[in-house]
Amino acid sequence: GENVEQHPSTLSVQEGDSAVIKCTYSDSASNYFPWYKQELGKGPQLIIDIRSNVGEKKDQRIAVTLNKTAKHFSLHITETQPEDSAVYFCAPALISGGYQKVTFGTGTKLQVIP
Amino acid sequence: EPEVTQTPSHQVTQMGQEVILRCVPISNHLYFYWYRQILGQKVEFLVSFYNNEISEKSEIFDDQFSVERPDGSNFTLKIRSTKLEDSAMYFCASSTRADEYEQYFGPGTRLTVT
């Protein structure tokens with residue numbers, strides 16, 4: 001099965017600084033690369049995603065970059081705010097025909113210090 | 001905005017008892033998923049369901065687990081004889097199509113087996 005690793009497992013940054021989380025996966029067939037944010041007591045929520053035919057995608061302060069050759073993709077958060085504090089999961093997926101097979105990463109706990 | 005709902009929010013049960021976790025997916029969605037998250041660990045895929053049948057399941061989803069869509073709105077996960085190690089958060093998710101990519105997660109049900 002897919003082996004997914006995230007680094008770092010915890011990350012503390014000062015408010016206003018940038019944060020970068022890296023996700024490495026093993027299945028070269030994966031073709032969908034989302035990042036989820038999970039706040040305490042809630043379910044994961046999609047914050048940004050990228051598909052295998054795109055190298056980078058940006059949405060305001062959040063960006064995702066993909067390197068399919070090296071099998072990794074990264075989440076970039078600029079100008080961090082206290083409300084960005086949460087656990088972030090990458091979840092590379094294979095989407096084919098009628099199904100979607102998702103494997104979540106181990107998670108990164110981000111703490112933004114005011 | 002439409003959302004996935006789950007009931008109950010917290011379920012306490014004794015080892016060996018049967019539990020049913022309920023989910024109401026977003027109304028026009030066709031694909032349904034169950035995931036679990038043991039405290040402090042990553043989210044793990046259990047099963048996906050489409051057109052009234054299981055389309056994919058993980059090794060975790062053994063004979064003790066079953067899923068059902070008893071009517072047009074509910075999607076349930078049944079654990080026949082709970083074990084201590086079944087204690088976890090269980091998340092339901094839904095998507096319009098498997099190739100719609102984004103899955104919408106519910107808030108989860110915390111299952112505690114004593």
Side-chain angles (χ1 to χ4, degrees), chain A residues 1-10 21 23-25 27 29-54 57 59 64 66 73 86-109, chain B residues 1-7 9-10 21 23-26 29-61 88-110:
Chain A
E2 173 92 280
N3 184 31
V4 181
E5 294 185 0
Q6 276 181 242
H7 296 281
S9 56
T10 59
I21 304 170
C23 179
T24 304
Y25 61 96
D27 188 351
S30 294
N31 56 6
Y32 174 57
F33 307 93
W35 283 96
Y36 287 87
K37 177 183 182 182
Q38 187 178 27
E39 296 175 315
L40 199 62
K42 296 184 179 180
Q45 182 180 18
L46 180 74
I47 55 170
I48 196 165
D49 58 5
I50 194 168
R51 305 186 186 188
S52 61
N53 59 342
V54 179
K57 181 178 176 182
D59 182 4
V64 55
L66 171 65
F73 61 112
V87 179
Y88 292 82
F89 292 97
C90 64
L94 170 63
I95 299 178
S96 177
Y99 74 92
Q100 181 179 138
K101 188 172 181 180
V102 179
T103 303
F104 276 76
T106 46
T108 297
K109 185 174 182 179
Chain B
E1 184 176 325
E3 58 183 19
V4 177
T5 60
Q6 289 184 243
T7 55
S9 57
H10 190 191
L21 310 183
C23 168
V24 178
I26 296 173
H29 286 189
L30 301 175
Y31 289 83
F32 314 109
Y33 311 84
W34 282 103
Y35 296 84
R36 81 172 185 189
Q37 185 178 32
I38 295 170
L39 187 63
Q41 297 186 24
K42 67 177 181 178
V43 177
E44 299 174 288
F45 169 76
L46 292 178
V47 65
S48 60
F49 190 86
Y50 169 69
N51 199 27
N52 283 319
E53 61 182 30
I54 291 172
S55 49
E56 186 86 10
K57 62 181 181 179
S58 71
E59 306 85 42
I60 303 168
F61 194 87
M89 281 290 285
Y90 288 81
F91 294 106
C92 171
S94 68
S95 63
T96 53
R97 309 188 303 269
D99 61 352
E100 174 60 24
Y101 296 84
E102 179 170 1
Q103 294 186 21
Y104 295 79
F105 282 76
T109 292
R110 179 173 298 283

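Reminder, nothing fancy here: chain letters follow the sequence lines and each chain counts from 1. All heavy atoms count here, side chains included; hydrogens, waters and symmetry mates do not.
A/F104 and B/V43 make their closest contact through CB-O, 3.2 Å (heavy atoms, listed as atom of the first residue, atom of the second, distance). In terms of heavy-atom proximity, A/V102 sits nearest to B/F45 at O-CB, 3.9 Å. Considering all non-hydrogen atoms of both residues, B/Q37 and A/F89 come closest at NE2-CZ, 3.4 Å.
To the nearest 0.5 angstrom, A/K101 atom NZ is 9.5 Å from B/S58 atom OG. Atoms OG and CD1, on B/S95 and A/I95 in that order, are 8.5 Å from each other to the nearest 0.5 Å.
Every residue meeting the side chain to side chain contact (heavy atoms under 4.5 Å, CB included) condition with B/T5, not counting sequence neighbours, appears here in chain and number order: B/E3, B/V24. The side chain to side chain contact (heavy atoms under 4.5 Å, CB included) check on A/K42 picks up A/E39, with sequence neighbours excluded.
Contact of B/Q103 with chain A is made through backbone and side chain together, with heavy-atom distances under 4.5 Å. If you measure heavy-atom distances from A/P44 to chain B, the contacts under 4.5 Å come from both the backbone and the side chain.
In this structure, A/Q6 and B/K42 have side chains that are not in contact, with every pair of non-hydrogen atoms separated by 4.5 Å or more.
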